[in-house]
Colleague: 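Below is the structure I would like to discuss, written out as structure tokens.
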Amino acid sequence: MDNRLQEHRLWYSKPAKEWNEALPVGNGRLGAMVFGGVSAERLQLNEDSLWYGGPRDRNNPDALPNLTELRKLILEGRLKEAEELASLALPGLPETQRHYLPLGDLLLMFKGQDEPCMEYSRELDLERGTVTVRYRIGDIRYTREVLSSYPDQALVIRLSADKIGAISFKARFNRGRWRYLEKTEKWGEDGLVMTGHSGGEGGSTFCAALKAVSNGGTAQTIGEHLVIENADSVTLFLAAATTFRQTDPSAHCRSHLNGLLNQPYSELLERHLADYQSLYGRTNLSLPGSVELAGLPTDERLDRVKRGETDHGLVALYFHYGRYLLIASSRPGSLPANLQGIWNDSFTPPWDSKFTININTQMNYWPAELCNLTECHEPLFDLIERMREPGRVTAQVMYGCRGFTAHHNTDIWADTAPQDTYLPASFWPMGAAWLCLHLWEHYRFGRDLTFLDRAYDTMKEAALFLLDYLVEDEQGRLITCPSVSPENRYILSSGESGVLCAGASMDFQIIGALFGACIEGAKLLGEDETFKDELETALKRLPQPKIGKYGQIQEWMEDYEEEEPGHRHISHLFALYPGDAFTTERTPNLAAAARTTLTRRLSSGGGHTGWSRAWIINFWARLQDGMLAYDNVMALLQHSTMTNLFDNHPPFQIDGNFGGTAGIAEMLLQSHAGIIRLLPAIPDVWSEGEVKGLRARGGFTFSFKWEESRISEVVVECTVSGPCEIEAPGFAPVSFIAEAGKTYTFEGNVMINHKQ
């Protein structure tokens, strides 16, 4: 039997006891965490646009009048004075942006199901995008299926049993201690409507509507409850909306559900599957596994790995789960995935559960292009476009600069002013620049000039801000000031520590990448010659990467000591990943220094948060060290993964899931250096396997198999005509001119077929 298994199912032999054990469903906009209780089910609900409060202008008008003095203090090394002035003049007014809120809970309380149940299973089927709960009480088998449909924009719950008249339950909405923010009204005898206000000045009103369609039995509403008695089966439909998108959320939800009620569940399910599988089915990964392990509950498999056991199939499952989570939390028309995707049960969530853009939001989208989910990238592009207008105000009011900028956080209202007065992170104006590199990466993968033509102006505006923000130092270099290296602290020779600085290494790596993208974009579009020349001139004056006294990449222009050598951020390796200025082939000295940097970080306790460990996987993959990449995949599972495979910062942050998925893909295929490399960081323990549907820059999609760590077959699908150069273990380099619309098949380095 082939021991490369299809790993597409999380399953458990008991209900979830708490939120971090529940299973997520989502359609980008509407999500639920399904607990799978027997006598009582809880579905914790989220709608992506339900945030506290409305838009505000938080830009601090005292920033620009104090900017010259602040720069002077930093350049003179007067850190305490500089940081005191920055704490007064730079924070947003008020300090905090808006935060994400839960919609509430849908509670189902079942009648006659208090007896002990048998044959219980709770599963998330990644190939179907559904959560299913099954159990037997006495001689009756019950089934509960939950999905969040993108084409029908509704949460659908199907309740059934194998005995006529066995379904009886009460349903109600709940928002815990925040119940005073909402009210629940009857909607006929078979529905409920919860409405309320998000709170805060300018906040949204919201609605969640529930409607039941029963086969047999009776339905009535009593108080805040929907009561179903003796039904053969029941389909519950739930819609939600806020005034962020809808003028009248209640009317919208009622009208929307009325349009679905007469449609059979089988048709709703069929539409959901066709839509979902058109994305999820593009890619597959099979690794060496065992039938015995694949049959164990997922929590037991994870516990085995935490004890040091091997389970390559669980790695494949984790990879697929990351793809599922991106589809479920980021679809065209939705907001981008936030710090928790869309799944949040707290009214005061950690870090506000918003968009942290000094790595976390970007990491959410690292798998989008490589893992063939390019449509899921679109919500991030939409947010970047909405950030342009407020970002222009921030650039002008705070810094006197053209273009647009953003700091280390943004929210539903595309707020670009600094968040908090947290010196290691708040006053870092590189957020928009980093985000704009996602536009460029999208172009690099698909080579869509129409998209580039739209995106170029946005990239240019972010670059324009940086041209104005850069200042000349005493050596004639162009440097950033003030800035930070997120979110680390350095130590001066005097022993004084600080965070504000002139010229963090990451700044110049981001600037170099963005200026380079704009230069290349201008060439491709045949425009903006003057601006291109200006960028090329500025690039020559940026400080170049330096190797420090320990053989490491310097994090700052000066070779400072770090206050926390094992810090979770490894910002000065941006040019290794997600950037591509450091490569083993073109810059071997810098690649070696990056290796030293990683070794020092890890030996000092680095990688202790989930997302940081995920970043480290990608670093080792880019350094083409398969075993160290694998070791860190294992560390991510062992130390930073919860029962339901959510990433644990701690607490839950979804970026580690997405970063881990991207890292596994990066071990299998890389295309950042011009040549497409297959298995560039394959560990010895993955000596055989198969992958389908990974994308490479240039407009190519790859499927391939390997045995004994050597490629046996490669299939290349081409969407754009152009040169394709492939390197892989097992055959000599291949170079050919691909034609759009054709598929090429290779065995060894021999092309055995090409077809339209």
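These figures come from a predicted structure and were not determined experimentally.
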Colleague: Taking the ring centre of each residue, are W19 and F652 less than 6.0 Å apart?
Modeller: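 For W19 and F652, the ring centres are under 6.0 Å apart.
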Colleague: CD of E119: more than 12 outside heavy atoms within 6.0 angstrom?
Modeller: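 Result for CD/E119: enclosed.
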Colleague: Strictly by modelled atom types, are H320 and E7 linked by a side-chain donor-acceptor pair under 3.5 Å?
Modeller: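 Result is no, nothing qualifies.
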Colleague: Please report the closest heavy-atom contact between G36 and V133, naming both atoms and the distance.
Modeller: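 For G36 and V133, the tightest heavy-atom pair comes out as CA-CG2, 3.8 Å.
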Colleague: Can you check whether G217's main-chain N or O pairs, donor with acceptor, with S214's side chain at less than 3.5 Å?
Modeller: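 Checking the backbone N and O of G217 against the side chain of S214, no donor-acceptor pair under 3.5 Å is found.
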Colleague: Just checking, is any N or O donor in the side chain of T218 or E229 under 3.5 Å from an acceptor N or O on the other one?
Modeller: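 Result is no, nothing qualifies.
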Colleague: State, without any angle test, whether S250 and R254 hold a side-chain donor-acceptor pair at a distance under 3.5 Å.
Modeller: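 Distance-only check passes for S250 and R254.
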Colleague: Apply the test side chain to side chain donor-acceptor pair (under 3.5 Å) to residues S330 and Y365: give CA-CA distance (whole Å), side-chain angles for both, the deciding distance (0.1 Å), then the verdict.
Modeller: CA-CA 9 Å; S330 186; Y365 288 91; 2.7 Å; yes
Colleague: Could you check whether Y12 and E21, counting side-chain N and O atoms only, form a donor-acceptor pair closer than 3.5 Å?
Modeller: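 Distance-only check fails for E21 and Y12.
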Colleague: Does CD in Q638 sit with more than 12 non-hydrogen atoms of other residues, nucleotides or ligands closer than 6.0 Å?
Modeller: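 Counting neighbours around CD of Q638, more than 12 heavy atoms of other residues, nucleotides or ligands fall under 6.0 Å, so yes.
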Colleague: Using the side-chain hydrogen bond (donor to acceptor under 3.5 Å, both in side chains) definition, which of the options E145, Q277, H272, E123 pairs with R128?
Modeller: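 So, applying the side-chain hydrogen bond (donor to acceptor under 3.5 Å, both in side chains) to R128 and each of E145, Q277, H272, E123, only E145 qualifies.
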Colleague: Under the side chain to side chain contact (heavy atoms under 4.5 Å, CB included) rule, what do R695 and L669 come out as? Steps first, then yes or no, please.
Modeller: CA-CA 8 Å; R695 295 176 75 226; L669 187 152; over 6 Å; no
Colleague: Applying salt bridge (Lys or Arg N to Asp or Glu O under 4.0 Å), which residue pairs with at least one partner in residues 646-664 are found, sequence neighbours left out?
Modeller: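 Salt bridge (Lys or Arg N to Asp or Glu O under 4.0 Å) check on residues 646-664 returns no pairs.
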Colleague: Answer yes if the side chains of S49 and T242 hold a donor-acceptor pair under 3.5 Å, and no otherwise.
Modeller: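 Present: a donor and an acceptor within the cut-off.
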Colleague: So which atom in Q263 and which in F237 form the shortest heavy-atom distance, rounded to 0.1 Å?
Modeller: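 What the structure gives for the nearest pair is O-CZ, 4.5 Å.
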Colleague: Do the side chain of Q246 and the main chain of T243 share a donor and acceptor less than 3.5 angstrom apart?
Modeller: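 Pair absent, no side-chain N/O of Q246 close to backbone of T243.
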Colleague: Side-chain donor-acceptor pair under 3.5 Å between T143 and R134, yes or no?
Modeller: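 T143 vs R134: no donor-acceptor pair found between side chains.
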Colleague: Judged by atom type as modelled, is there a donor-acceptor pair below 3.5 Å linking the side chain of D382 to the main-chain atoms of G333?
Modeller: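 A pair under 3.5 Å: no.
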Colleague: Take atom NZ of K17 as the centre, draw a 6.0 Å sphere, and report whether it contains more than 12 heavy atoms from other residues, nucleotides or ligands.
Modeller: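 It does not: K17 NZ has 12 such atoms or fewer within range.
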Colleague: At their closest point, which heavy atom of F658 faces which heavy atom of P367, and how far apart are they?
Modeller: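 It is O-CG, 3.3 Å.
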Colleague: Return yes if some donor-acceptor pair links the side-chain N/O of N215 with the main-chain N/O of S233 below 3.5 Å, else return no.
Modeller: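 Such a contact is absent between N215 side chain and S233 backbone.
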Colleague: Checking Y276 against E127 for the side chain to side chain donor-acceptor pair (under 3.5 Å) test, could you report, in this order, the C-alpha distance in whole Å, the side-chain angles of both residues, the deciding distance, and whether it holds?
Modeller: CA-CA 8 Å; Y276 171 76; E127 291 183 303; over 6 Å; no
Colleague: Under the salt bridge (Lys or Arg N to Asp or Glu O under 4.0 Å) criterion, do D125 and R9 qualify, and how do the steps go?
Modeller: CA-CA 5 Å; D125 186 333; R9 176 177 177 247; over 6 Å; no
Colleague: Less than 3.5 Å apart, any donor N or O on the side chain of Y135 or R144 sitting next to an acceptor on the other?
Modeller: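 A pair is found: one side chain offers a donor N or O, the other an acceptor, under 3.5 Å apart.
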Colleague: Indicate whether any N or O donor in one side chain lies under 3.5 Å from an N or O acceptor in the other, for Q362 and N364.
Modeller: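 No.
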Colleague: Please state whether the rings of H438 and H377 are parallel, tilted or perpendicular, taking 30° and 60° as the class boundaries.
Modeller: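 Answer is perpendicular, since the angle exceeds 60°.
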Colleague: Verify salt bridge (Lys or Arg N to Asp or Glu O under 4.0 Å) between D48 and R245, making sure each step is shown before the conclusion.
Modeller: CA-CA 11 Å; D48 70 341; R245 295 189 180 95; 2.9 Å; yes
Colleague: How close do G660 and I617 get, counting heavy atoms only, and between which atoms?
Modeller: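 Heavy-atom minimum between the residues: CA-CD1, 4.5 Å.
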Colleague: With ring-ring contact (aromatic ring centres under 6.0 Å, His included) as the test, pick out the partner of W413 among F244, Y52, W51.
Modeller: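 Result for ring-ring contact (aromatic ring centres under 6.0 Å, His included) with W413: F244.
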Colleague: Is the gap between the ring centers of F381 and H442 under 6.0 Å?
Modeller: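 Yes, close enough.
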Colleague: Taking CD1 in I164 as the centre, count heavy atoms belonging to other residues, nucleotides or ligands within less than 6.0 Å. Is the count above 12?
Modeller: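 Open: at most 12 neighbouring heavy atoms sit under 6.0 Å from CD1 of I164.
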Colleague: Measuring centre to centre across the rings, with the benzene-like ring taken for any Trp, is W351 within less than 6.0 Å of H99?
Modeller: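 Ring centres of H99 and W351 not closer than 6.0 Å.
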Colleague: Would you say the side-chain atoms of N284 and H8 include a donor-acceptor pair closer than 3.5 Å?
Modeller: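 There is such a pair (donor and acceptor under 3.5 Å, judged by atom type) between the side chains of N284 and H8.
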